Each structure stands twice: as C-alpha cells, then as structure tokens.
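Reminder, nothing fancy here: chain letters follow the sequence lines and each chain counts from 1. Atoms considered below: every heavy atom in the structure, side chains included; atoms not considered: hydrogens, waters and symmetry mates. Bear in mind the structure is a predicted one, so any value in this text is a computation, not a measurement.
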Amino acid sequence: MADEKELRYDPAAIEPKWQQRWAADPALYAAEPAASGKEKYYVLEMLPYPSGQLHMGHVRNYSIGDALARHMWMRGYNVLHPMGWDAFGLPAENAALKNNTPPREWTLANSAAMQKQMQRLGLGYDWATEVTTCLPDYYRWNQWFFLRMAEKGLVYRKQSKVNWCPDCATVLANEQVVNGCCWRHEDTLVAQQDLEQWFLRITAYAEELLKGLDNLEGWPEKVRTMQRNWIGRSEGTEIDFAVENRPEKIRVFTTRVDTIFGATSLQLAPEHPFVVALAQADQGLARQVQGLIEEQKKARESDDFGAIEKHGIPTGHIAINPYNGDLLPIWVANYVLLDYGTGAIMSVPGHDERDFEFAKKYALPVKRVIAPADPRAEEPELPFTSDDGVLVNSGDYDGLAVAAAQRRLQEEAENHGYGHAKVTYRLKDWGISRQRYWGTPIPMVHCETDGLVPMPDDQLPVILPNKIEITQQGGSPLGRVPEFVNTTCPKCGKPARRETDTMDTFIDSSWYFYRYTDAKNSAAPFDPAKAQYWFPIDPYIGGVEHAILHLIYSRFWTKVMRDLGLIVNDEPAKRLFTQGMVIKDGAKMSKSKGNVVSPDDMVARYGADATRMYALFAAPPDRDLDWQEDGVAGVSRFLGRVWRLVTKHSPTARNADSLQSSSKSEKGGALQRKLHQTIAKITQDFEGRWHFNTCVAAIMELVNEMQAADAELSSGEVPAPVVRELLTSLVLLLAPFAPFLAAELWEELGEQTAILRAPWPKSDPELAREDEIEIPVQVNGKLVSVVRVPAGAQPKDIEAAALADEKVRARSAGKTVAKVIVVPGRTVNLVVK
RNA sequence: GCGGAAGUGGUGAAAUGGCAAACACACCAGCCUUAGGAGCUGGCGCCCAAAAGGCUUGCGGGUUCAAGUCCCGCCUUCCGCACCA
C-alpha cells in the first residue's frame, strides 16, 4: 500500500513541508544590500487591503509577480520582492460597529490571516521589509511629509463640498459613491455638504504629471490615456467682459475665442460670485438661483449630470463684447460648472451644441461666424462645431483660419488688457480630509492665538488613540476624545485643540514602496541611498482599477519627494503591468452574483502549485481570465505527470555524470532539441512579453514528448547524462510557476542547494537546431504541399525540392512558373500563369 | 459624444506578414484497474456517407508572391471619461 501511495502526486504532503522549510530560512527571499554587487531587480505587486481573505484577483496578481521574482533570483539578480498592508480605511470602522472589535485588532488579525494564505501559496516575499500603514512607525512619515509639503506651500485649507451619507452619518470618498448612492446603503442618496477641508496642491504638478506620461514607455497606453484625460489640459483664452452700469467684470474661459463674434449671451454658474452678489439684493432671483443649485446638486448626486435639461434665468444685466461692443444678456445657467474654467462662459449657439440647445429653448439669436474651410462646401447646418473653418461675420478677422484667428484675437486682447491665452486643467487639488477615525491624524493644532500651527517634527507621530467609541453620530470621531483633542499650542504653550480630521488612505499608498527599501528606519521615511539603489520599481503589477487615483497620487508624491531632495527618480515605476480581471461565468466575481471562487478552496483541493499555475496558464496575464475549475484539475493532472516522470527516472539521473550530456542517440537528440527550444522560448518570454500561458504550454509539450519516450528513457537508449539534463532542466523551468513541486523534485534529483539559487538553464543553439525542417509550398498563395529539406538548405535547393514535388507539379502542369519566392526556413511560393 | 481594448472551434486560448486552431478543458470511442477528482491509446473547426476536394479568424474593401496579423470604412462587445466651455 505504501508504495502505491508514493506513486501519487500529493500536493497536500509536499507543499506544507516546503512552506515550513522556507519559513525557517528568512534569508531565502531577502533582498541583499547594494554592496552585493549584483544587478538589482525590484518587483512589486500592489499591496492589498487587509479584508481578511485573499481573492482570486490577488492570487493572479501575486502569481505573476512571484514567477518574475523567482526567475530573476535564478538569473542571479538581487531581487527586492516585498509585501505590505494598506491598512487604514472605512471597512475597519464598519467591522468595529458590527462586531464591536477595535479597528486595530480587526485589521492586524486580518493581515496576519492573509499573510498565512500568502505563505500557503508559496509566495516568496521578504517579510523583514513588511509595511503596515496603520502602525505609527509608518504613518508618522505621512505626517512628516504633510509638514514638508506645508512648508513648500503645497497644503491649504478651504471650504469644499463633500459626499455625505445620512445613514452612515459620515463623509464618503468619491469611490464609495456608487451611482449617487452610498456603497453600504444602496438606496440612500449621497448628499453634498460644505465643510472646511485640507487640500494638497497636486495641480502645481499638473503639467509635469502630463508631460511625464510621454516618457513612460513601459506603461500601458490605456493608463497613460486615462491619466491624460483625467488631467484634462486644455488651451484657450480668458476674456474679461465689462458689465453695463456695474463695476464688476466677468471673466470667461473659452477654447474657441475665434467664435467670439458669434457670442449672443454670457452664462454663469449658479454659485458664481456675480450671481451671488445680485441674489443678495434680489429675493426673487435668489430663490430661482437656489432652484438651479438644488437641481445641479441632485444631478450630481444621481451621477447623471449630463442628462439634466438645460435651463437658466436672465439676470437683466448686460455684458459688452470687448471686440465689437455687442451687448450680451447675462444669464445664470444650470449647465455651467463653477469649478471648471472661470465658472462663466460666452454662449455661441452657432458653433456649440449645448449653447445651441439653450438658445433654441429661450429664443436667443444664433449667429454664423465660422464657414467651412473649403469654399465650395455647402453651408452647414448650425451648430457647426468643426474647427476646420474660416471666420465670417467677424469684422477684420473675416477669412482667417480658426487657429490663426485665435492667435490674432489673443494678441488683440493682450494689447488692450482685456484677455490672454490660458491653459486650464480638469485635475483638481487633492482633498485629503476625512471625518473618520481609522486614518492618519493630520498633524496640526488650532490655537486661538496663533491660528493653525504645525506640530514640530520631534513631537511626531501624533498617535491615533486606540480607545475610542465608534458610533454613527456625525462629525470626526476623534473630536469626541478629549485626551486627543486637548493639547497645548506648540508655539505659545497655551491650551489648544488638535485637528480631528484624518488623512485620505490614498496617502498611505502614495509612497509605501519607498518604505520597503528601508522599512525599519526610525529616523527618516527611508535612507535616500537605499531608495536610489532600488528605484525605479522594475515592474509594478496590479489591477487597472488603480490607473487614475493611486497611480496619479503616487507619481505626484514621487515628484514632491524628488523636490525635497529625498530621491533622484522622477517616476516611481519603469514598467507598469495591469493584469486582467478574474471572471467566472462571464462576470466579475462578486458575492452578490454568488460566483466567488475561494483561493483556500482551490488550494485545499488541488494545491497551491496547481492553483497558481492555472492562474498563469488560462490566459495571457494582461487579459481577463475566466476561472474554470476543470482547468485547475487539468493543471493538477499535468503536475502529477511531471511528478511521476521525474520520480521514475530520477535514479538514472542521480547516478549520471553531469559533465557529458550531449547525446548520440536519435531519441536523446530529439528530446534535447525540444528541451533547448523550450528553454529559449521561456527565457525569451520572461524578458518582456510575459505570456506565461504559452510558457506553461511549452513545458507541457516538453513533458508530453518525454513521456512518449518513456521506453527509451528507461532502457538506457537515451544516455543517463542526457536523462539527467532533461530532468533537472525541466524542474528548473517549472520553478517559477510551481515552486513547491519544483523544490520537491529538485531534492528528489539529489540536489542539495535551494533551487532558487540554482542557475536558470541556458539554451544551447546548437542543440536546439533542427536537422531537417518542413517547408510549406504554395502555388499562387495557396498551400499545396509540404517538402522536407535540411535545416540550413539554400534557397535554390529549397526551390528545387518544391518544383520536384508531385502535388506541386500536378498543380502547375501546363503553366509557366513566372516567379518563385523562397523564404528560407519558412515557405516557398510559386507564381504560375 | 471623446478615448482605449477586444472580436479565431463547444470552452479557455495559440500563431516575429509565411502550414490557422499549438497547449489545455469539455465531449466521444477504446484499454487498464488498486474503481480514482486516477492512468493509458485514439478521435474531435465546417461542408461532403467516406476519400479526394472545398470552405473557415465579426462584416466590406485594399496593400502584398503571401493577411487572423498591415491600411481604409463599417458592425458588435467590454472598459474609462463626459453639459470640461
């Protein structure tokens, strides 16, 4: 019975054994100091939120990163492969409410559980550099950075709108607003509230963040485009309009100043200062404007801003077009946004869809001022929004092309002092205040005498109190902890109040990957020399859902740190790799759909190796992956074949002299050829394409061939040194994808050292070369036959072989061969007439 | 509306412009048996009873000796952004 048991591949026996051995050897996955002299490789996967459970998306993400890390270790690189926990955030507070567990305990228990899962999966992380963002030795540096930014003028406070869930009685982040409702209360509309908020001046870096994208060649085009759109640079003109009988001027932003002779009104956002001023003196107007504001609010809340019907209110005031003296009625319109441009537009119904719709509704005049560039073209229907045109009905500017007219009109405005060219961004400053408990306290003090006073560095960290009652009452929870709130002013020493807002959790993840390079540093966020050695990150691997927020914030943070003199790199990551989603039955896995596959379950049934290898085999890593359990079973069966193949022939391999492995036997030569072709293919894929699905397929082909030659391997027909080479190389190739089985079989082959330290096999082109190859022969582009020729055959020999082929002769009988194209090693095409 | 990606067997997929469907899954037939979530052999795009042959990469054009791959125009799906002036 025992013997038979041994004939079966049993991951449940193999994997825990190696897991224990690896855990007992912390140096195995540890990064070495720069002095190692090895070339560095920093492979990073996005750190998880410690929810308590890994999901399949994590497994896929980490399987990709771990395969790369293991491969690079075997290539002799100094590899940094760290892991940590994005540990602040609302779920911990929700759990606290639900289970009466303190957020800190809940979070740390979760990350400990997930670390166990990761170790069970055999992921090779250097746990000595682990970062947990909710611990004071990490978040104190958030506070430190905040103070440095404040010194540089990158921090300010201002009144701002926030998302407010009345049921939770708390502020929500934008990403927690789903279709205008709270993510935890699907039927509760999120309201907008005005609060005084802390902001980081990310817009100071808007231009650099945009320009830098052009050089990020290792980032997916999709992500770069999304960031470009998010930053939303647009070039235009600001023009000041005087108002009849009023002292104010109204500044308008437009990208189409060339259409200004077609302006027939000005439209102002309901919250525009001019409107506010008018409303103060006019109850009726005030009420109407309030109506518009309510409408906008509602539209914003329902996430359907574009769909509300345009309407407006005439103010009765008149603006003057500075170019031609036209008198333009001033309106308040519900489709104009206060926070883009200047909050005021010139309305040109002839050449803008929205203005046209508005003008039709209120019977405002529509003027044609742009004609198609081609004079023969028919006069187009209005609105004509193309910028390929020339000016008409525009005084001295008639006949100018759009672009030229814009330049001339800008010059004119500057000469007369009523306008100038202007670049506007859609990117807004980063509102980082959260009226929540579980986050980094903002290190500021409110003093009656000195106002806002930053905490001195030597009083950091401002510790988040542990004992706190989390309730559903409004306001910052920290405000209800007197020991926290009551302090003394660092400047004057008088009693003062601490800031009770905490920081957005995206701050935690904006720089965590620098901390990995020096995670235990208690004097600085990290040693610049260490960061300089490891940065930039070589591949940064994660889901595309972070394309905007996290990846813009962390680029911003990198630039700030560079300007603080801490680092020398401009960008955090050389290459960004966005893996596809894991889906099941055509839909993203989710609890509500009931199609969630648990990694623990897969590991229990098929083992970590099969689970990981399936995650790499089922699809290329950048595409969505459809999880099919039968596929995991298939990979598991394959690993069983490998196990049987290697254990069966390992005695032969162990006794072989490893120095001579070149085979004289035909079968041995064929297997060696396949082996060296496989090594070449996989090595090449690791160098950039990362199509691990075809790497696994190539290993399967190799195993299939070896299995088919089982008799020759057993009989000695294939020399023992070749058997040895075949088996050891196979196990080495498998190591990045199925680390447990590879380690087990490595030992089975009598190897003493860790497989992770064994050199990656090298493909010998001599051994990989085919003796004879098949060349498809086409006649007039149609496949007709296949001829066999020696591998290095000359074009004329290949041509002769093709012409001699029977099927080819039949096909070209009675016709003349007009042309012969020979692609050596590839194909022959005969053109016959 | 703007931007991005993708459309290939029953399924996941493969294919530096050079034999479309490698490798797997599922299915079918057979073998073995210690009856297992095991192993082995064979079959498996479509048309034709089979062979021979023909057809086939969303649709329509084009470039080329040669197109799943390159170019142009459409259609569909997914994703991101969106009264952004």
Original post:
In whole angstroms, how far is the P atom of A24(B) from the CG atom of N693(A)?
Top reply: 13 Å
Original post:
Taking the same atom, P, in U76(B) and in A26(B), what whole-Å distance lies between them?
Top reply: 36 Å
**OP:** Please work out if R228(A) contacts a base, only the sugar-phosphate, or nothing of the nucleic acid, heavy-atom cut-off 4.0 Å.
**Re:** nothing
**OP:** Pick the C1' atom in G3(B) and in U8(B), then give their distance to the nearest Å.
**Re:** 26 Å
Original post:
Parallel under 30°, tilted from 30 to 60°, perpendicular over 60°: which one fits the rings of Y323(A) and F261(A)?
Top reply: tilted
Subject >> Parallel, tilted or perpendicular: ring planes of W627(A) versus Y614(A), cut at 30 and 60 degrees >> reply: perpendicular
Original post:
How far does the P atom of G10(B) sit from the matching atom of C75(B), given to the nearest Å?
Top reply: 26 Å
Original post:
If the C1' atom of C25(B) is compared with that of C44(B), how far apart are they to the nearest Å?
Top reply: 13 Å
Original post:
What nucleic acid atoms does A633(A) come within less than 4.0 Å of, heavy atoms only: base, sugar-phosphate, or nothing?
Top reply: nothing
Original post:
Which whole number of Å gives the distance between the C1' atom of G18(B) and that of C81(B)?
Top reply: 42 Å
Original post:
Has K310(A) got its NZ or CZ under 6.0 Å from the middle of the six-membered ring of F358(A), at an angle within 45 degrees of the ring axis?
Top reply: no
**OP:** Determine the interatomic distance between C1' on A6(B) and the same-named atom on U69(B); round to the nearest Å.
**Re:** 14 Å
**OP:** Take atom CZ of R689(A) and atom P of A14(B), then tell me their distance rounded to the nearest Å.
**Re:** 8 Å
Subject >> Distance between C1' atoms of A21(B) and A15(B) (Å, rounded) >> reply: 9 Å
